[in-house]
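First comes the structure, then the notes that go with it.
This is a predicted model, so every value here is computed, not measured.
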Amino acid sequence: MGQTRPFRPTALVVEDDPIQREMIALLLEETHFDVIQCEDAQTAELALKNRHPALLVTDVTLVGEMTGIELVERARQVNPTLRVIVMSGRPPARALPDGVTFFAKPFYPIELIREVSGGRH
């Protein structure tokens with residue numbers, strides 16, 4: 001008999017810096033998420049529609065035409081209850097959508113682990 005793998009929620013990590021993206025993905029995998037990595041918001045938008053993640057972690061500034069904030073707004077249209085963490089090296093230029101957690105870069109890995117472990121549904 002084969003063993004069944006326990007359910008692992010999916011997290012979508014959107015970050016144009018490959019080193020940071022990989023670090024965040026590894027942290028989330030350690031906290032029992034399956035992770036999809038994207039470097040731009042356009043690709044992430046497709047993943048949001050096709051994979052229905054439980055968590056979105058995005059940088060504000062991304063390559064391409066869409067910002068992380070615009071991605072969050074579109075993601076919330078698809079899934080209004082999606083958990084979202086936005087990261088940036090600068091304070092947000094405008095108010096973030098309700099329920100969005102902001103992390104100022106650089107942040108300690110334990111901060112991300114605590115956020116996703118403590119607030120998981």
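- Using a 4.5 Å cut-off on side-chain heavy atoms (C-beta onward), Ile85 and Val116 make contact.
- Closest of all the heavy-atom pairs between Phe33 and Thr10 is CD2-C, 4.0 Å.
- In this structure, Val35 is not a member of the same hydrophobic cluster as Leu26, with clusters built from ILVMFWY side-chain heavy atoms closer than 4.5 Å.
- In this structure, Ser117 contributes its side chain and Arg114 its backbone to no donor-acceptor pair below 3.5 Å.
- Other residues, nucleotides and ligands place more than 12 heavy atoms under 6.0 Å from the CD1 atom of Ile110.
- Nearest approach of Gln42 to Val63, heavy atoms of both residues: OE1-O, 4.2 Å.
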Legend entry - Test side-chain contact (heavy atoms from CB on, under 4.5 Å) applied to Thr101 and Glu115, step by step: CA-CA 9 Å; Thr101 301; Glu115 177 66 28; 3.3 Å; yes
Inset, instruction - Test Val78 against Arg74 for side-chain contact (heavy atoms from CB on, under 4.5 Å), laying out the working first. - result: CA-CA 7 Å; Val78 174; Arg74 291 184 186 191; over 6 Å; no
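- Summarising the geometry of Leu12 relative to Ala47, their closest heavy-atom pair is CD1-CB, 4.0 Å, with the distance given to 0.1 Å.
- Not a single donor-acceptor pair under 3.5 Å links the side chain of Asp59 to the backbone N or O of Leu62.
- In this structure the side chain of Leu48 never reaches within 4.5 angstrom of the side chain of Asn79, judged on heavy atoms.
- Of the possible donor and acceptor atoms, none in the side chain of His32 sits under 3.5 Å from a partner among the backbone N and O of Glu29.
- The one candidate from Lys105, Gln37, Arg21 that meets the side chain to side chain donor-acceptor pair (under 3.5 Å) condition with Glu15 is Lys105.
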Legend entry - Derivation of the side-chain contact (heavy atoms from CB on, under 4.5 Å) call for Leu55 and Leu28: CA-CA 10 Å; Leu55 173 67; Leu28 292 173; 4.0 Å; yes
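- The side-chain heavy atoms of Ser88 and Phe102, taken from C-beta on, include a pair separated by under 4.5 Å.
- Follow the hydrophobic side-chain contacts under 4.5 Å out from Phe103 and you reach Ile113 in the same cluster.
- Counting all heavy atoms, side chain and backbone alike, Pro9 lies closest to Ala54 at CB-CB, 3.9 Å.
- Closest of all the heavy-atom pairs between Thr43 and Cys38 is CG2-SG, 3.9 Å.
- With Leu71 as reference, Thr58 is the one residue of Thr58, Val60, Val86 to meet the side-chain contact (heavy atoms from CB on, under 4.5 Å) rule.
- Under the 4.5 Å side-chain heavy-atom criterion for grouping Ile, Leu, Val, Met, Phe, Trp and Tyr, Ile36 is connected to Leu82 within one hydrophobic cluster.
- Looking at Arg76, its side chain does come within 3.5 Å of a backbone N or O of Asp98 through a donor-acceptor pair.
- Distance check, rounded to the nearest 0.5 Å: OG1 of Thr61 to CG of Asp17 gives 12.0 Å.
- In this structure, Val57 and Met87 have side chains that are in contact, with non-hydrogen atoms separated by less than 4.5 Å.
- Between Ala41 and Val14, the shortest heavy-atom distance links the atoms N-CG1, 4.2 Å.
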